[in-house]
Protein chains: 2
Amino acid sequence: MGRRRITLADVARAAGVAPATASLVLSGRGDELRISEAVQLRVRETAESLGYRPNIVSQGLRSGSSRTLGLVSDTVATSQLAGDMIKGALEAANERGFLLFIGETEGDKAAERRLLDGMLDRQVDGIILASMFTRTRPLPAGLDQAPTILLNALPARPAPLPSVVPDELDAGRRAAQLLLDAGHRRIHLMGAGPRPGDVPPGTVAGVERLAGILEVLRGAGLEPAGALNLSSWEPPDGWRAGREILASEEPAEAVICFNDRLAFGAYQAAQETGRRVPEDLAIVSFDDHPLAAWLRPGLTTFAIPHHALGRRAVELLAEAVSNGEQQREASVHRIAMPLRERGSVASADQVQGRAERAAQ
Amino acid sequence: MGRRRITLADVARAAGVAPATASLVLSGRGDELRISEAVQLRVRETAESLGYRPNIVSQGLRSGSSRTLGLVSDTVATSQLAGDMIKGALEAANERGFLLFIGETEGDKAAERRLLDGMLDRQVDGIILASMFTRTRPLPAGLDQAPTILLNALPARPAPLPSVVPDELDAGRRAAQLLLDAGHRRIHLMGAGPRPGDVPPGTVAGVERLAGILEVLRGAGLEPAGALNLSSWEPPDGWRAGREILASEEPAEAVICFNDRLAFGAYQAAQETGRRVPEDLAIVSFDDHPLAAWLRPGLTTFAIPHHALGRRAVELLAEAVSNGEQQREASVHRIAMPLRERGSVASADQVQGRAERAAQ
DNA sequence: TACGCGTGCTAAGCCGATTTAGCACCCCCG
DNA sequence: CGGGGGTGCTAAATCGGCTTAGCACGCGTA
C-alpha cells in the first residue's frame, strides 16, 4: 500500500553517488574503503531524511541470513503453562535483532512438516523445536538446513543437537534435601519409585526427579519410607494415594509428590482424614501449577522455569547462528527449577516442636 | 548447515534446460509458453528427485510478496485468556500458506516501533495489531507500507483500517433478552448504567454491552430496576454491589454483571445473604472467564470469541493481501459472542413455579 | 615526459527466482 | 529460393542490497 519503500538506489541518487558508495557508507565500511567524510555525511543525511531502511529480505538473499528464527511447538503457544516459554523466547530474540516465526503442530506430523518447510523456504537462520511437556521426540528430516535446538525436549535418538530442559535431577535432589533439612526421615514418594526407573512410561521428568531424590536419600543413608509408581498423575490419583499412605499403621508425615496435581489430591486426602498441612503432613512437589498458589496452605513446589527455558534456547541458537556454527553437538542445557516456598513444608523448628508435643 | 539448498539453477542444469524454462514449467506456465510435454516432464521429475523447493525469500524479492504476516500484540500471546486468539490466527494463516511473525510489546511504544519496523523490513505482506482487551488504540506510523488490521481493538481516531471485535452490542441485547425470556421484569445492572455511556472510562466493551441491554429493556417498556456504575470490575466490587442490591427493600432477583469477576463477587454476596442462584437471584454475565465454569452453579455468560477473532482477522487480512487491495476501509467486523448456558439463570418455568409458590 | 602510487569512488557481478522479448529452427507456400 | 508463420526454448533484465576489482585523477619523483 501507499508509497513505495525508499531503496538504497533512491538514497544514492538523491545523494548524487553510486549505490555501491551509499551501501559502503551505510554499512559502516566507508572509512575502510576511503570514502571522504563529506560524502559519508551527505549519504547519511540523505538516508536519514528519506527515512531509508534496508530491505532485510534483499540483504538476506545475498548474505544468506534473514535475522529470523522459527519456533515450532506442539501446542505451546496457546497453553498458559508454557506461554511464558514463548515470551522468554520472544524477548531474547528481540534483544538480538531476530524476529520469530511461530507455528503450532498440535502434534500432527504433517503440520510439523509443513511448518518446518515453510520456515526453511523463508530462509530462517535457525529452528527451535519446542514441546509443551518435557519429552523425548523424534526429529524430522531437513534439520541440516539450519541450526536447530530442542526446547523442553530431548532427541529420541542420539543426534548432534543441543537441548534445553529443566534441571529435574537437581530439583529432585533439592526436594529430598528440603524435607531432610526440615527434620523428616521417613519420606514417602507419590507418583514414582521406589527404585530408579520406576516411573510411568514416557515421562522424562519423572526419571530425573526420582534419580535426584534417591541420590540424596541414599546419601543420608535412607530409603523412601514408601513409594507409589502411579500410571496417571491427576488429582484423583493423588487423592487415592493420599488416603492409602495416611491410613497405614505408620501414617506418612512427609511426601514428595511428583507433580502439583497429585499434590492437590493429597491435600484433599489430608483434609478428609483430619491431617493438617504441613503440621501432620509435609508436602513438596514439582511444576508450580497455577493452582499451587491457591491451595491452603500454599504448595511448596519446584517451578518449571518456562521463561528461562525459552530465553535460553534462543540465546544458544542465536549465538550458534552468529558464529556461523556448522557443527552442533549433543549438549544438554539444564535450567535450574526455582523453589517456590509456600507453606506446605514446616521448618525444622516447627517439626521439632511437634515431635516434643507428641512426646509429652 | 549441511548441504546447500537445491536452487532452480541446479534443477535446470540437471534437466539440461535453461533456468527460465525450469521456472516456467514449475510455476505452471509451461503450456502457456509452449514448453513441450517431454521437457516439462523432465523438469518436474528432476525437481522432484532433487527435492527442489523454491526459495520464498527470492520469490519475494521479485514479486514483492513474502507470504508472511506480522502479528504485534500488547501481551496477548503469553496470556491464557487470549492465547486462543493467537491459535486462531495461526490456524487461519497456515491454511492460506502464510507464516506468522509474532511479537509482544508489553505496551511499550518503542518496542512496538521496533517490532513493526522489523516486520516491515522483512517485507511482511500484512500487519495485525492485536490487543489483549478490547480497547481503542492509537495507530503507529508506517502502516501505509502494508495492509493492516486491528484485532480486538478499534482505532483511537478514524482511520481507513478494518477492525475485528467481539459483538458486545449484540451480547448485551441477548443478555437482557435472556432474563426477559426467563420471566424477569426487574433487572439490575452491575458495573455500568443506568443511562447510556454510564461506564468506567476507557472501556469499549462496557459501552456496547450497556447499549444493547438498554435497547432491549426499553423495547420491552422497561428501565433497569437499578444500576451501579463501578469504576473497578473486580470480585470485591461485585461483592459490595451484591450486598447492596440484595439488602434493599425490594431485593434484586435478576442481575446482569458486566463481567465474570463481578459476577464472582455477586455469587459470594448471594451466598452470604442466604440467596440461592438462580432461584433467588439470576445472574448473567460476560467474558467466560475460566472461573465461570468452576462456580456452583456454573455461571451463564457470553464468551469472548478469542479463537474466532484471531481467525477472522487473518482471513480478512489474507484476503486483502491476495487481492492486492490498496485501499482499505474503516469497517468493523463484529464476531458473535457465544452464550455459555450454565446454571445461573433459571428457565421461565422455574421462575413461574417460584412465583406461584411465593403466592401461596 | 613518463612512471608509480595513493586517494576516492564506481561498475559490474552476485544471491535465486520471475518475466518478457526474441532467437533459431522448421514447415509450407508461392 | 525467399518469405511468412508457428513452435520451442532461452537470454537478459529485474527485484534490492553487498562486494570486489579496478578506474580516473592528481601528485610526486626520476
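Heavy atoms only: backbone and side chains are in, while hydrogens, waters and symmetry mates are out. Note on naming: letters A, B, ... go to the chains in the order of the sequence lines (proteins, then strands), and numbering restarts at 1 for each one.
Between A/Asp121 atom CG and C/dA17 atom P there is a gap of 10 Å when expressed in whole angstrom units. As rounded to whole Å, 10 Å separates atom P of D/dC18 from atom CD1 of A/Ile56. Separating the CZ atom of A/Arg29 from the P atom of D/dT20 is a distance of 6 Å, rounded to the nearest angstrom.
Among the candidates A/Arg137, A/Arg135, A/Lys109, the single residue satisfying the salt bridge (Lys or Arg N to Asp or Glu O under 4.0 Å) test with A/Asp74 is A/Arg135.
Contact check for B/Leu69 versus B/Val124: no side-chain heavy atoms found under the 4.5 Å cut-off.
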### Query
Base, backbone or nothing for each nucleotide of nucleotides 5-16 of chain D, written B, S, -, heavy atoms under 4.0 angstrom, 5' to 3'?
--BBBBBB-BBB
For residues 7-16 of chain B, run the donor-acceptor check on the side chains, cut-off 3.5 Å, and write out each pair with its distance to 0.1 Å, sequence neighbours left out.
residue: B/Thr7; atom: OG1; partner: B/Ala9; partner atom: N; Å: 3.3
residue: B/Thr7; atom: OG1; partner: B/Asp10; partner atom: N; Å: 3.3
residue: B/Thr7; atom: OG1; partner: B/Asp10; partner atom: OD2; Å: 3.3
residue: B/Asp10; atom: OD1; partner: B/Arg4; partner atom: NH2; Å: 3.3
residue: B/Asp10; atom: OD1; partner: B/Arg13; partner atom: NH1; Å: 3.3
residue: B/Asp10; atom: OD2; partner: B/Arg4; partner atom: NH2; Å: 3.1
residue: B/Asp10; atom: OD2; partner: B/Thr7; partner atom: N; Å: 2.8

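Listed pair B/Ser23 / C/dA17 fails the phosphate criterion, with no side-chain N or O lying under 4.0 Å from OP1 or OP2.
Side-chain N/O atoms of A/Arg122 and A/Thr68 include no donor and acceptor closer than 3.5 Å. Checked by atom type, the side-chain pair B/Gln59/A/Asp121 shows no donor-acceptor distance below 3.5 Å.
The distance from atom CG of B/Asn55 to atom CZ of B/Arg5, rounded to the nearest 0.5 Å, is 6.0 Å.
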